Amino acid sequence: MTPMSMTNLPKTATVDDAPSISRALARAFHDDPMMNWFFPAEDAREENLTRYFSTIYTRQYVRHGVCERTDAAAAFWVSPEGHEKSVPDAETIRELTEILGDRAHLFRDAVELAARHAPQEPHWYLALIGADPAGQGRGHGSALLRSGLAKADAAGLPVYLESSKPSNLPVYEHFGFEVLGEVELPGGGPTLWAMRRAPRTA
């Protein structure tokens, strides 16, 4: 599929979409500071990222989240009702530990620290959004953002996310997010920016 033929119309993602979603997200996050920290070996990064995204998608988010895709991008959201269920189970943790290798403890510490900074109020959580570079600049990410934000607005709830890429902050701010604070990941990791968007009424 060429970039020109890709549609940016959001649609519900299914388990069958796991291979294409995982590959697209691996390419999307290849230069992400946090993913570079978890997967420092550049020659193996795309393969490991593909496995990582396939695991969290098939074992967590497609089961307990709201997952949407376009032909070049994907977004994983968690509603208030799915927060407790979307926590990784023992088998998921085992798979992630195998994929992350000697970086698994850094991942665990980062997840625990981020969880401590999550808001206590009922909210929608944007766990992940990314577009394959081949489709970037064609509205794929924006379409997925608008779709998820509309669901949160319909429920009258705020949206929360964390970003480790400074260049993404203005994009989220354009959609109404505000920076709540910065979280320095332990072990010399990158900075996470916690962001919140208040609900909007029609």
Side-chain angles (χ1 to χ4, degrees), residues 13 17-65 67 69 72-78 82-83 85-118 125-136 141 144-145 160-169 171-172 177 179-195:
D17 295 319
S20 60
I21 284 177
S22 301
R23 287 191 298 269
L25 290 176
R27 290 189 285 265
F29 282 84
H30 192 271
D31 63 346
D32 180 83
M34 188 164 69
M35 291 304 163
N36 284 5
W37 186 53
F38 291 146
F39 301 103
E42 188 167 0
D43 58 339
R45 186 176 300 142
E46 185 167 334
E47 177 185 351
N48 288 331
L49 281 174
T50 300
R51 292 177 62 201
Y52 167 79
F53 287 123
S54 179
T55 297
I56 64 171
Y57 175 66
T58 58
R59 296 197 58 85
Q60 287 176 255
Y61 294 111
V62 78
R63 297 182 182 185
H64 308 298
C67 300
R69 62 178 291 268
F76 305 165
W77 304 77
V78 182
H83 283 183
K85 296 178 181 178
S86 64
V87 174
D89 59 19
E91 180 62 21
T92 305
I93 292 172
R94 187 196 65 77
E95 288 187 24
L96 292 175
T97 298
E98 179 184 334
I99 296 167
L100 287 150
D102 61 4
R103 313 292 282 184
H105 70 286
L106 297 175
F107 177 81
R108 182 190 64 243
D109 292 347
V111 169
E112 291 176 354
L113 181 61
R116 289 200 296 270
H117 285 80
Y125 175 54
L126 177 52
L128 188 149
I129 186 168
D132 187 322
Q136 286 178 359
L144 289 171
L145 257 180
Y160 177 76
L161 64 81
E162 303 107 356
S163 176
S164 66
K165 198 169 185 180
S167 60
N168 284 343
L169 302 185
V171 177
Y172 292 128
F177 285 88
V179 175
L180 294 177
E182 299 179 11
V183 180
E184 298 292 337
L185 293 184
T191 299
L192 284 183
W193 283 270
M195 306 189 76

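Note that the coordinates shown come from a computational prediction; the quantities given were computed from them, not determined experimentally.
- Contact detail for Leu185 and Trp37: the closest heavy-atom pair is CD1-CZ3, 3.8 Å.
- Taking CZ of Arg103 as the reference point, atom CG of Asp109 lies at 11.5 Å (rounded to 0.5 Å).
- Nearest heavy-atom pair, Pro33 versus Ser164, reported as atom, atom and distance to 0.1 Å: CG-O, 3.2 Å.
- From Met34, atom CE reaches atom CG of Leu106 across 12.0 Å, with rounding to the nearest 0.5 Å.
- With rounding to the nearest 0.5 Å, the separation of CG in Asp31 from CD in Glu42 is 10.0 Å.
- Pairing each heavy atom of Arg69 with each of Ser20, the nearest pair is NH2-OG, 4.2 Å.
- When side chains are defined from C-beta on, Leu145 counts as touching Tyr172, because their heavy atoms get closer than 4.5 Å.
- Taking OG1 of Thr58 as the start and CG of Asp17 as the end, the distance is 12.0 Å to the nearest 0.5 Å.
- The shortest side-chain heavy-atom distance between Leu100 and Arg108 does not fall under the 4.5 Å cut-off.
- The minimum heavy-atom distance between Val62 and Ala13, with the atom names listed, is CG2-O, 4.1 Å.
- The shortest non-hydrogen separation linking Ala114 to Leu192 is CB-CD1, 4.3 Å.
- Residues Ile56 and Leu128 are in side-chain contact: their nearest non-hydrogen atoms beyond the backbone lie under 4.5 Å apart.
- Between the CZ atom of Phe39 and the CG atom of Asp32 there is a distance of 11.0 Å, given to the nearest 0.5 Å.
- For Leu144 against Ala75, the heavy-atom pair with the smallest separation is CD1-N, 3.9 Å.
- In this structure the side chain of Gln60 never reaches within 4.5 angstrom of the side chain of Phe76, judged on heavy atoms.
- Side-chain atoms of Asn36 and Arg45, non-hydrogen and from C-beta on, do get closer than 4.5 Å to each other.
- The side-chain contact (heavy atoms from CB on, under 4.5 Å) with Trp193 is formed by just one residue from the set Val179, Val183, Asn168, Leu161; it is Val179.
- Within the model, atoms CD of Glu46 and CE of Met35 stand 14.0 Å from one another, a figure rounded to the nearest 0.5 Å.
- A salt bridge links Arg94 to Glu98: at least one charged side-chain nitrogen sits closer than 4.0 Å to a carboxylate oxygen.
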Identify each donor-acceptor pair in which a side-chain atom of residues 22-30 lies under 3.5 Å from a protein atom, sequence neighbours left out, and give them as a table.
residue	atom	partner	partner atom	Å
Ser22	OG	Ala18	O	2.7
Ser22	OG	Ser54	N	3.2
Arg27	NE	Asp132	OD2	2.6
Arg27	NH2	Asp132	OD2	2.9

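- When side chains are defined from C-beta on, Leu96 does not count as touching Phe38, because their heavy atoms never get closer than 4.5 Å.
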